[in-house]
Undergrad: 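Sharing a structure here in structure tokens format.
These numbers come from a predicted model, not from an experiment. Numbers here are sequence positions counted from 1.
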Amino acid sequence: MELSANRKSTMFRLRTELVDRLKQLAANDNRSLNNYVETILMDVAYNTPNSETLAAMKEAADESKLTSVNMESYDSFIKSLTAE
């Protein structure tokens, strides 16, 4: 694991409200604003879903395959999960 990375100082112009929100989210995670924004950008830049994940996402979004579950009791709920 590389302990230090080459860094380049960069300037962006962002909306004040966005910067304030990012600072708040960074503070909630006990992280610096720079670290928080860099992590978000790394996730976007390097975490592209593979074909299997994309297929699962498409299947999950297909509401035509949704089924109902029975919430009357625990047993009926479990049975409704396994019913085809």
Undergrad: Under 4.5 Å between side-chain heavy atoms, counting indirect links through other Ile/Leu/Val/Met/Phe/Trp/Tyr residues: same cluster for Leu25 and Leu14 or not?
TA: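 Same hydrophobic cluster.
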Undergrad: What heavy-atom pair brings Ser76 and Asn70 nearest, and what distance separates the two atoms?
TA: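 Distance-wise, the nearest heavy atoms are OG-OD1, 3.4 Å.
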Undergrad: Are Leu66 and Met71 joined in one hydrophobic group, where the rule is that I, L, V, M, F, W and Y side chains link up if heavy atoms are under 4.5 Å apart?
TA: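 Hydrophobic grouping puts Leu66 apart from Met71.
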Undergrad: Restricting to side-chain hydrogen bond (donor to acceptor under 3.5 Å, both in side chains), what partner residues turn up for Asp20, sequence neighbours left out?
TA: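 side-chain hydrogen bond (donor to acceptor under 3.5 Å, both in side chains) list for Asp20, sorted by chain: empty.
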Undergrad: Establish whether Tyr36 and Met42 are linked, either directly or via other cluster members, by ILVMFWY side-chain heavy-atom contacts under 4.5 Å.
TA: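 Cluster IDs for Tyr36 and Met42 differ.
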Undergrad: Decide yes or no on salt bridge (Lys or Arg N to Asp or Glu O under 4.0 Å) for Lys79 and Glu72, but give the supporting numbers first.
TA: CA-CA 11 Å; Lys79 286 179 186 176; Glu72 291 178 21; over 6 Å; no
Undergrad: Would you compute the distance between atom CG of Asn35 and atom CD1 of Ile40 and round it to the nearest 0.5 angstrom?
TA: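 Here the interatomic distance stands at 10.0 Å.
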Undergrad: Only counting residues at least two apart or in another chain, list the ones meeting salt bridge (Lys or Arg N to Asp or Glu O under 4.0 Å) with Asp75.
TA: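 Salt bridge (Lys or Arg N to Asp or Glu O under 4.0 Å) list for Asp75, sorted by chain: empty.
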Undergrad: Quick one: list whatever passes salt bridge (Lys or Arg N to Asp or Glu O under 4.0 Å) with Arg31, sequence neighbours left out.
TA: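 Checked Arg31 against salt bridge (Lys or Arg N to Asp or Glu O under 4.0 Å); matches are Asp29.
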Undergrad: Tell me whether Val44 shares a hydrophobic cluster with Phe12, the cluster being built from Ile, Leu, Val, Met, Phe, Trp, Tyr side chains joined at under 4.5 Å.
TA: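 No; tracing contacts between hydrophobic side chains, which count when under 4.5 Å, never links both residues.
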Undergrad: Answer yes if Tyr74 and Val69 sit in the same cluster of Ile, Leu, Val, Met, Phe, Trp and Tyr residues linked by side chain heavy atoms under 4.5 Å apart, and no otherwise.
TA: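 Looking at the clustering, Val69 is in the same group as Tyr74.
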Undergrad: Determine the minimum heavy-atom distance between Ser32 and Ala26, stating which atoms define it.
TA: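 So the two residues come closest at O-CB, 3.8 Å.
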Undergrad: CD of Glu17 to CG of Leu22: how many Å apart, nearest 0.5 Å?
TA: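 Those atoms lie 11.5 Å apart.
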Undergrad: What pairs with Ser64 under side-chain hydrogen bond (donor to acceptor under 3.5 Å, both in side chains), at least two apart in sequence or on another chain?
TA: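 Ser64 satisfies side-chain hydrogen bond (donor to acceptor under 3.5 Å, both in side chains) with Asp62 once adjacent residues are dropped.
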Undergrad: Would Met57 and Glu52 count as a side chain to side chain contact (heavy atoms under 4.5 Å, CB included) here? Give the steps.
TA: CA-CA 9 Å; Met57 291 165 64; Glu52 183 178 354; over 6 Å; no
Undergrad: Under the salt bridge (Lys or Arg N to Asp or Glu O under 4.0 Å) test, which residues partner Arg15, sequence neighbours left out?
TA: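 Salt bridge (Lys or Arg N to Asp or Glu O under 4.0 Å) check on Arg15 returns nothing, list empty.
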Undergrad: Residues in side-chain hydrogen bond (donor to acceptor under 3.5 Å, both in side chains) with Asn50, at least two apart?
TA: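 Asn50 satisfies side-chain hydrogen bond (donor to acceptor under 3.5 Å, both in side chains) with Thr53 once adjacent residues are dropped.
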